[in-house]
Amino acid sequence: MQLAEFFSSQPSQLWQLAKQMNVNYAVGGLPWEEKTDKPWDLMPLIRMKQRYADHGLTLSVIESMPPSNQIKLGTPGRDEEIEVFQKFLLNMGAAGIPVLCYNFMAQFNWFRTSTTTHTRGGALVSSYDHSLMQNAPLTEAGIVTEEQLWDNLHYFMERIVPVAEEAKVKLALHPDDPPITPIRGVSRILRSAAALQRAIDLVPSAYNGITLCQGTLATAGDDIPKVIRAFAKQDKLFFVHFRDVRGTPEKFEETFHDDGKTDMLEAMRTYYEVGFTGPARPDHVPTMAGESNDNPGYELLGRLYGVGYIRGLMEAASAGR
């Protein structure tokens with residue numbers, strides 16, 4: 001397993017701390033600070049990759065995407081967005097960036113009703129309570145059905161998977177978070193491991209696989225070791241978000257890595273059992289004492305805790321403990 005972290009596209013304290021923790025793999029977003037080029041153009045990607053390399057970090061995954069809401073909704077402008085997406089994949093391939101983590105959540109990405117829920121020792125985590133959304137108004141997209149989203153996902157994959165094959169970039173589809181439908185009239189279709197399987201089967205390819213977000217699939221009630229084995233057996237397990245939760249799709253909260261409902265050591269043992277050698281990173285960590293919570297889920301101290309915890313599990317699993 002390649003222990004990775006999500007880094008900003010410009011050097012920060014985390015870059016140095018990661019190297020001190022012997023983290024050598026980077027997950028990056030798009031370099032939006034570029035002024036003269038689009039962030040999905042070739043040269044911004046190459047320059048970002050080189051910045052990581054200059055600090056001893058290998059850019060393994062981009063976890064971001066060009067504007068894509070028209071693609072997801074199937075509205076006018078989607079073909080233009082798909083054309084940009086295709087160029088982005090070709091540029092990733094040319095820059096030697098092997099994995100793209102993307103999602104098919106229309107209108108809004110991961111969604112929470114609170115980012116100030118108290119957990120162990122007063123640390124702050126994000127949480128979701130679906131009862132708070134029952135009377136929420138529709139978005140400007142109105143009612144978006146599951147059938148529409150499945151049709152739009154198929155349309156998108158038919159046009160994007162062949163380009164990923166050409167570019168030799170692995171498409172790692174992330175499940176919908178939270179895994180419940182609908183939210184404000186917008187359906188969510190990728191709510192389980194079975195739905196992810198259905199999605200990648202729409203256009204079968206060695207380059208069409210998943211991001212195994214343990215927190216989302218645990219919330220959905222999936223058996224994490226079973227899911228690991230199922231997708232690894234198909235060589236469709238491209239990227240891992242190693243995190244945990246407590247609760248159900250209707251009401252859940254994030255946790256420290258050692259305080260959720262998943263047997264995290266058993267999960268790690270399963271990754272080693274199946275021979276997973278791809279990138280994995282901690283995700284959605286608690287905000288700890290003294291931190292501002294300006295960036296919920298991504299403050300610094302929780303990340304350090306998460307990396308250390310995962311490193312310990314890796315050593316235990318590799319030693320057969």
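Values below: every heavy atom of this structure, side chains too, minus hydrogens, waters and symmetry copies.
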Visitor: For Y272, enumerate each residue passing the ring-ring contact (aromatic ring centres under 6.0 Å, His included) test, keeping only those at least two apart in sequence or located in another chain.
Guide: none
Visitor: In the structure I gave you, are the side-chain heavy atoms of Y305 and V285 within less than 4.5 Å of one another anywhere?
Guide: no
Visitor: What's the separation between atom CG in L313 and atom CZ in R269, rounded to the nearest 0.5 Å?
Guide: 9.5 Å
Visitor: May I ask you to decide if D294's main-chain N or O and S292's side chain share a donor-acceptor pair within less than 3.5 Å?
Guide: yes
Visitor: Is any side-chain heavy atom of R243 less than 4.5 Å from a side-chain heavy atom of P282?
Guide: no
Visitor: Got a salt bridge between E254 and R246, using NZ or NE/NH1/NH2 to carboxylate O under 4.0 Å?
Guide: no
Visitor: Is there a path of hydrophobic side-chain contacts, each under 4.5 Å between heavy atoms of I/L/V/M/F/W/Y residues, joining M105 to V245?
Guide: no
Visitor: Looking at H130 versus Y128, is the centre-to-centre ring distance below 6.0 Å?
Guide: yes
Visitor: For W15, does the six-membered ring have the charged nitrogen or CZ of R51 within the cation-pi criterion, i.e. under 6.0 angstrom from the centroid and within 45° of the normal?
Guide: no
Visitor: Going by the rule salt bridge (Lys or Arg N to Asp or Glu O under 4.0 Å), which residues pair with D258 if we only count those two or more places apart in sequence or in a different chain?
Guide: R120
Visitor: Set out, in order, the CA-CA distance, both residues' side-chain angles and the distance that settles side chain to side chain donor-acceptor pair (under 3.5 Å) for E33 and S9, then state yes or no.
Guide: CA-CA 8 Å; E33 74 282 357; S9 59; 2.8 Å; yes
Visitor: Go through the steps to decide whether E81 and S68 satisfy the test side chain to side chain donor-acceptor pair (under 3.5 Å), and finish with yes or no.
Guide: CA-CA 6 Å; E81 287 188 345; S68 58; 5.5 Å; no
Visitor: Apart from Y207 itself, which Ile, Leu, Val, Met, Phe, Trp or Tyr residues share its cluster (side-chain heavy atoms under 4.5 Å, direct or through members)?
Guide: none
Visitor: Scan side-chain atoms only and decide if K236 and N208 contain a donor-acceptor pair under the 3.5 Å cut-off.
Guide: no
Visitor: What residues form a ring-ring contact (aromatic ring centres under 6.0 Å, His included) with Y309, not counting sequence neighbours?
Guide: none
Visitor: Should R188 and D177 count as an ion pair when the cut-off is N to O under 4.0 Å?
Guide: no
Visitor: For the pair D37 (side chain) and P44 (backbone), establish whether a donor and an acceptor sit closer than 3.5 Å, ignoring hydrogens and angles.
Guide: no
Visitor: Are any side-chain N or O atoms of Q16 and backbone N or O atoms of Q13, one a donor and one an acceptor, separated by less than 3.5 Å?
Guide: no
Visitor: Checking T145 against Q148 for the side chain to side chain donor-acceptor pair (under 3.5 Å) test, could you report, in this order, the C-alpha distance in whole Å, the side-chain angles of both residues, the deciding distance, and whether it holds?
Guide: CA-CA 5 Å; T145 69; Q148 286 175 289; 3.2 Å; yes
Visitor: Do the side chains of K87 and E80 get close enough for a salt bridge, i.e. N-O under 4.0 angstrom?
Guide: no
Visitor: So do the side chains of L89 and L100 get within less than 4.5 Å of each other, counting heavy atoms only?
Guide: yes
Visitor: Salt-bridge test for R47 and D41: reply yes if a basic N is under 4.0 Å from a carboxylate O, no otherwise.
Guide: no
Visitor: Between W40 and F85, is the gap from one ring center to the other below 6.0 Å?
Guide: no
Visitor: Applying side-chain hydrogen bond (donor to acceptor under 3.5 Å, both in side chains) as the test, list every pair that has at least one member in residues 217-232; sequence neighbours left out.
Guide: R229-E273
Visitor: Donor-acceptor pairs under 3.5 angstrom involving side-chain atoms of residues 159-174: please list them, not counting sequence neighbours.
Guide:
unit_1 : atom_1 : unit_2 : atom_2 : d
R159   : NH1    : Y155   : O      : 2.9
E165   : OE2    : S205   : OG     : 2.7
H174   : NE2    : H241   : ND1    : 3.4

Visitor: Side chains of M314 and Y271, heavy atoms from C-beta outward: is any pair under 4.5 Å?
Guide: no
Visitor: If only side-chain N and O atoms count, and only distance matters, is there a donor-acceptor pair under 3.5 Å linking T248 with E250?
Guide: yes
Visitor: Members other than L138 in its cluster, when Ile, Leu, Val, Met, Phe, Trp, Tyr link by side-chain heavy atoms under 4.5 Å?
Guide: I143
Visitor: Has the side chain of R311 got a donor or acceptor atom that lies under 3.5 Å from a matching backbone atom of M21?
Guide: yes
Visitor: Quick one: does E5's side chain have a donor or acceptor within less than 3.5 Å of a partner on A18's backbone?
Guide: no
Visitor: Among residues at least two apart in sequence or on other chains, which ones pass salt bridge (Lys or Arg N to Asp or Glu O under 4.0 Å) with R78?
Guide: none
Visitor: When you measure from the side chain of S114 to the backbone of S126, do you find a donor-acceptor pair of N or O atoms at a distance under 3.5 Å?
Guide: no
Visitor: Given side chains that start at C-beta, do those of Q2 and S60 come closer than 4.5 Å, heavy atoms only?
Guide: yes
Visitor: Quick check: is V125 connected to F242 through a chain of hydrophobic side chains (ILVMFWY, heavy atoms under 4.5 Å apart)?
Guide: no
Visitor: Please tell me if the side chains of L17 and Q20 come closer than 4.5 Å, counting only heavy atoms from C-beta onward.
Guide: yes
Visitor: Mind checking who shares a hydrophobic cluster with I46, ILVMFWY linked at side-chain heavy-atom distances under 4.5 Å?
Guide: L42, M43
Visitor: May I ask you to decide if Q10's main-chain N or O and Y52's side chain share a donor-acceptor pair within less than 3.5 Å?
Guide: no
Visitor: The criterion is ring-ring contact (aromatic ring centres under 6.0 Å, His included); which residues satisfy it with W110, sequence neighbours excluded?
Guide: H284
Visitor: Please check if the side chain of R303 supplies one atom and the backbone of F6 the other of a donor-acceptor pair under 3.5 Å.
Guide: yes
Visitor: Assess, by modelled atom type and distance only, whether the side chains of T255 and D244 contain a donor and an acceptor separated by less than 3.5 Å.
Guide: no
Visitor: Taking only residues two or more places apart in sequence or in another chain, which ones pass ring-ring contact (aromatic ring centres under 6.0 Å, His included) with F238?
Guide: none
Visitor: Is a side-chain N or O of E299 found less than 3.5 angstrom from the main chain of N293, in a donor-acceptor match?
Guide: yes
Visitor: Before accepting this row, confirm whether a basic side-chain N of the pair E253/R112 lies closer than 4.0 Å to the acidic partner's carboxylate O.
Guide: no
Visitor: List in chain and number order the residues that pass salt bridge (Lys or Arg N to Asp or Glu O under 4.0 Å) with R281, two or more places apart in sequence or in another chain; answer none if no residue qualifies.
Guide: E63, D283
